[in-house]
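Working notes, structure below.
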Amino acid sequence: MSEETNTYDVRAVEEKWLPVWDRIDPFRADDAAALAGKPTKYALTMFPYPSGDLHMGHAEVFALHDVISRYWRFRGFEVLNPMGWDSFGLPAENAAIRNDTHPATYTYGNIETQYSSMKRYGVSFDWSRRLHTSDPEYYRWTQWLFLLMHERGLAYRKKSPVNWCPQDQTVLANEQVLADGTCERCGAVVTKRELTQWYFKTTAYAQELYDCLDDLQDTWIGKVVNAQRNWIGRSEGAHVDFALNLADGSTKDVTVFTTRPDTLYGATFMVVAADAALAAEIVAPDKRADLDAYLDEVRKASDIDRLATDRPKTGVDLGITATNPVSGEQVPVWAADYVLADYGTGAIMAVPAHDQRDLDFATVMGLPVRMVVDVEGAEDPAVSSVATTGDGTYVSSGPLDGLTDKASAISQMISVLEERGTGTGTVNFRLRDWLLSRQRYWGAPIPIVHCDKDGEVAVPLDQLPVELPELTGSDLRPQGTSPLGGATEWVETTCPTCGGPARRDTDTMDTFVDSSWYFLRFVSPNLDSAPFDEALAQAWGPIDLYIGGDEHAVLHLLYSRFFTKVLRDAGLITWDEPFSAYLSQGKVINNGRKMSKSLGNGVNVAEQLEEFGVDAVRLTLVFASPPEDNIDWADVSPAGSQKFLQRAWRLSGDVTSAPGVDVSTGDVALRRLTHKTVAEAEQLVESYRFNVVVARTMELVNATRKAIDSGCGGADPAVREAVEAVAMLLSLVAPYTAEEMWERLGHEPCVAQATWPVVDPALLVEESVTAVVQVKGKVKGRLEVAPDISEADLEALALADPGVQRAIDGATVRKVIVRAPKLVNIVV
RNA sequence: GCCCCCGUAUCCCAACGGCAGAGGAAGCCGCCUUAAAAGCGGCACAGUGUGGGUUCGAGUCCCACCGGGGGCACCA
């Protein structure tokens, strides 16, 4: 074999095919076909933020995503596979301040860099649908959707303590504050500020967002469903009304939320959140100073302190009592910071015997502890200081006395409360409304005008987009208020209602708003009369498979689900969930560590592509592990991938039969393997086991090599059939190599438009199979039998086998399990 | 503390409840070569984290524990 035919030049092949693919444009999604009812698939991978060039994570997710997209096209679906950029956001703004430029400079420069990298990476995107969320043509519709939310009562302003990042000088959503109380973006310690901010009412859909997770259980990766469930945090319980006996002699009803209404007789005090308005309202006059002092103390505590779950309980007696609605008992009312103002009703009934937090508080404050559930084998919590939460016998609990089962005690107490009108069974959620306003420049302006006379007025739809004023460099420096406020000419406007002077809202939207609906814009990215074409959304959507990173397991997916439900209720789409299936890719790490600049262990994609070529890098990422597992770059071998690709490619030079040759006369053994491989690959791709698809392709390559060198030879039609199958399988992962093979096999470009092999079921049936004969579960013999052998025949053959007879050794055969044609197990 | 996922050879990973090994990496030995690389052929390496259970049969199903990863967390 000469040098020239032994390897191909990776670089030259990449240069060769890019313009050809541009000309053929095989991946353009045909709207007309979709509307005409051709079966469609919508494949989507999370669009990137344009920060510099692509990194390994992008390389991985695009490679995985392309397997399924290309496969669907092969299987005859009209595939929508679009790509764009999530191009609003802080890094561009910070770069603009640093370099005294406009954020657009950084943003669109990076987009062009990423675009050319993505083109070369060979992903089957339909580039005609490219979009950028920072284009006015796009954010016009983001604003339109904000106004839709506003009109439906789902966008509102309220003043409340919000997360404030002193570094980024902006508010953050709960979702953007990490568990350790730091900003997810810059790592600064987040503080609280009392501010008026815009919210989307995600809580209005809490129940449905939670319930629909059941439908996604089997098609979404489990950990993400779990994360969503935990985030929404549904808990069943009851609202119970306590009457407060205020210092001035009046009474006031206060509702508490509890998951344990069955322990109501054990409530020995009540606690309200110290920072809730209620505390200040109900405190007895002689205790007001105590409360104020306590509040000062609480506010001084940093979020990090607040988050420590094991710190000692603190609180203050409010000097009033509450009446237990079932026992009539008077219990003291306290204020404490272990009760949260924004969860439930901001007030609890404290049952120290059966809740550890309440018990800790009672111990510190010397409050009584009364056991009402006697758990067998457990000490009285009043003595042990360990609250019991399990099932037990109810005591001192009026109508519940003698019950032994928590579930029925709960439902019985709820019935009692509902009969008396002092409580009701209810469900509470951890999910809060979505704080969406940001005091930053590079985002979609909130399309609201504030008028002294008319208040909050929506910008009329025909005046959208509210375009960003041109601000650059130091204009964008964070000052705690939105940079837009400095654009006086832009801010000063007229009220759409009365025509009088008014001011534009100067906040911009969280960039998660932009990405909550981009998948809909892709169905009609250039439409200028609506955010998206409803008929096309119906034809293409919902997304058949969405692939992305775990970092968006809660936020982006939840927000997109929320938008989908709102748009459905507004009648714009018909489906309930945006992503029918979701797969998250693992991380690419290096040497057991996350890649990072500070560790100096980053792997540069461009360098890897330079050294090994696009196909080898893609193959490495797909083959390394199941999609959701992490890939340690130190454990994998792009050089090995490159060798395999050359090996596969070499096959195409050894095929000497002509294209279109009748394969039916070809070598049966090789044909069997080809058809079996294709059949298995179909199953494997459809279940996202892409790494195994590659392994199966490797087997077919190995077998074909053997057939050429020491079997039927390169002229056998079966070899052509096998190599063509290899080219198509390989094109899912290594499009350049596959294209080159396809050409060498004598075909016109491109392989993406080739006809997927039709599996012949007759070739999947083996001529003979090896049946294993076990005696007491241990293998004692093997039989070559026909695949359609009857159970009786197989049993007879097995019992007649001399090796088996020896193993039975005259013992009585008690039972024979036959699984024709693979196995017989003889029990003696 | 509560909830999910995962533990198979030196490493990455396969294995409808039915012979633990498909594929790859690294290693070793040949062939080829003036030599090296590439290529071709071969060798070796685990009884599936631990302990129980179900079953004719368990890596696979159930229970407990250990280890790793992730989500939530003074959320009543």
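Within every chain, numbering begins at 1; the chains are lettered A, B, ... in the order of the sequence lines, protein sequences first and strands thereafter.
A salt bridge is defined here as a Lys NZ or Arg NE, NH1 or NH2 lying under 4.0 Å from an Asp or Glu carboxylate O, and A:Asp355 with A:Arg260 fails to meet this definition. Salt bridge A:Arg311/A:Asp337: present, at least one basic N to carboxylate O contact under 4.0 Å. At a threshold of 4.0 Å, the pair A:Asp801-A:Arg782 does not count as salt-bridged, since none of the basic side-chain nitrogens sits closer than that to a carboxylate oxygen. Salt bridge status for A:Arg11 with A:Asp9: absent, with no side-chain N to carboxylate O gap under 4.0 Å.
Under the Watson-Crick or G-U wobble criterion, with both distances below 3.5 Å, B:A73 is left unpaired in every strand shown. Base-pair partner of B:G18: B:C56 (Watson-Crick or G-U wobble, both distances under 3.5 Å). When both pairing distances are held under 3.5 Å, B:A9 makes no Watson-Crick or G-U pair with any nucleotide shown. Using the Watson-Crick or G-U wobble rule with both distances under 3.5 Å, B:C43 pairs with B:G27. Across all strands shown, B:U33 has no partner, as no Watson-Crick or G-U wobble contact with both distances under 3.5 Å is found. Remark: B:G51 base-pairs with B:C63; criterion is Watson-Crick or G-U wobble with both hydrogen-bond distances under 3.5 Å.
Within the 4.0 angstrom heavy-atom criterion, only backbone atoms of the sugar-phosphate kind lie near A:Asp629; the bases stay farther away. Note on A:Asn691: only backbone sugar-phosphate atoms sit closer than 4.0 angstrom, heavy atoms only; bases stay farther off. No engagement by A:Arg229 is indicated, since no non-hydrogen atom pair under 4.0 Å with the nucleic acid exists. If you check every strand for non-hydrogen atoms under 4.0 Å, A:Val772 touches a base. Residue contacts for A:Thr697: at a heavy-atom cut-off of 4.0 Å it reaches no nucleic acid atom on any strand shown.
To the nearest whole angstrom, the two P atoms, one in B:G30 and one in B:A20, are 34 Å apart. To the nearest whole angstrom, the two C1' atoms, one in B:G57 and one in B:C19, are 12 Å apart. B:C13 sits 23 Å from B:U50 when the C1' atoms are compared, rounded to a whole Å. The C1' atoms of B:G59 and B:C74 are separated by 42 Å, rounded to the nearest whole Å. Annotation: B:G24 and B:C6 have their P atoms spaced 27 Å apart (nearest Å). With P as the reference atom, B:G23 and B:C40 are 14 Å apart, rounded to whole Å. For the C1' atoms, the distance from B:A58 to B:G52 is 13 Å, rounded to whole Å. A distance of about 40 Å separates the P atoms of B:C63 and B:A44, rounded to the whole Å.
Not one side-chain nitrogen or oxygen of A:Lys223 sits closer than 4.0 Å to the OP1 or OP2 atom of B:G71. Contact annotation: A:Arg647 side-chain N/O to B:C40 OP1/OP2 distance is under 4.0 Å. Proximity of A:Arg430 to the phosphate of B:A73: a side-chain N or O atom is located under 4.0 Å from OP1 or OP2.
In terms of position along RNA chain B, the nucleotide closest to A:Asp709 lies nearer the 5' end than the nucleotide closest to the other residue of the pair A:Asp709 and A:Thr345. For the pair A:Val692 and A:Val824, nearest-nucleotide mapping onto RNA chain B gives the more 5' position to A:Val692.
The distance between atom CG of A:Leu823 and atom P of B:G18, rounded to the nearest whole Å, is 9 Å. At whole-Å resolution of the value, CD in A:Glu699 and P in B:A15 are 12 Å apart. Computed from coordinates, the A:Gln774 CD to B:A58 P distance equals 10 Å when rounded to whole Å. Whole-Å rounding puts the A:Met349 CE to B:C74 P distance at 20 Å. To the nearest angstrom, P of B:A14 lies 10 Å from CZ of A:Phe623. Rounded to whole angstrom, the span from the NZ atom of A:Lys587 across to the P atom of B:C6 amounts to 17 Å. The CG-P distance, from A:Leu359 to B:A76, rounds to 18 Å in whole Å. The CD1-P distance, from A:Ile410 to B:A76, rounds to 12 Å in whole Å.
In this structure, the nucleotide among B:C74, B:C11, B:A22 sitting nearest to the side chain of A:Arg311 is B:C74. The A:Arg650 side chain lies nearest to B:G39 when the options are B:G39, B:C56, B:C74. Looking at the side chain of A:Asn230, the nearest of the listed nucleotides B:C3, B:G23, B:A76 is B:C3. Nearest to the side chain of A:Ile817, among B:A76, B:G24, B:C56, sits B:C56. Nearest to the side-chain atoms of A:Tyr343 among the listed nucleotides B:G24, B:C40, B:A76 stands B:A76. Of the candidates B:G24, B:G57, B:C12, B:G24 carries the atom nearest the A:Asn702 side chain, counting heavy atoms from C-beta on. Here the nucleotide nearest the side chain of A:Thr770, chosen from B:C19, B:C74, B:C56, is B:C19. Minimum atom distance to the side chain of A:Ala227 is reached by B:G71, of the listed B:G71, B:C74, B:G23. Proximity note for A:Arg696 (side chain, C-beta onward) versus B:A22, B:C56, B:G24: the nearest is B:A22. Of the candidate nucleotides B:G24, B:A76, B:C40, B:A76 has the atom nearest to the side chain of A:Asp355.
The closest side-chain donor-acceptor pair between A:Thr259 and A:Glu236, if any, does not fall under 3.5 angstrom. Side-chain atoms of A:Asn428 and A:Ser235 form no donor-acceptor pair, as typed in the model, at a separation below 3.5 Å. When only modelled atom types and interatomic distance are considered, A:Gln228 and A:Trp220 share no side-chain donor-acceptor pair under 3.5 Å.
Judged by distance alone with a 3.5 Å cut-off, no donor-acceptor contact links the side chain of A:Lys822 to the base of B:C19. Scanning atom types as modelled, one donor and one acceptor separated by under 3.5 angstrom connect the side chain of A:Asn226 and the base of B:G70.
The aromatic rings of A:Tyr338 and A:Phe361 are tilted relative to each other, their planes meeting at an angle between 30° and 60°. The aromatic rings of A:Tyr343 and A:Phe257 stand perpendicular to each other, their planes meeting at an angle above 60°, with 30° marking the opposite boundary.
Regarding the sugar-base torsion, B:G47 falls in the syn class, its angle being within 90° of 0.
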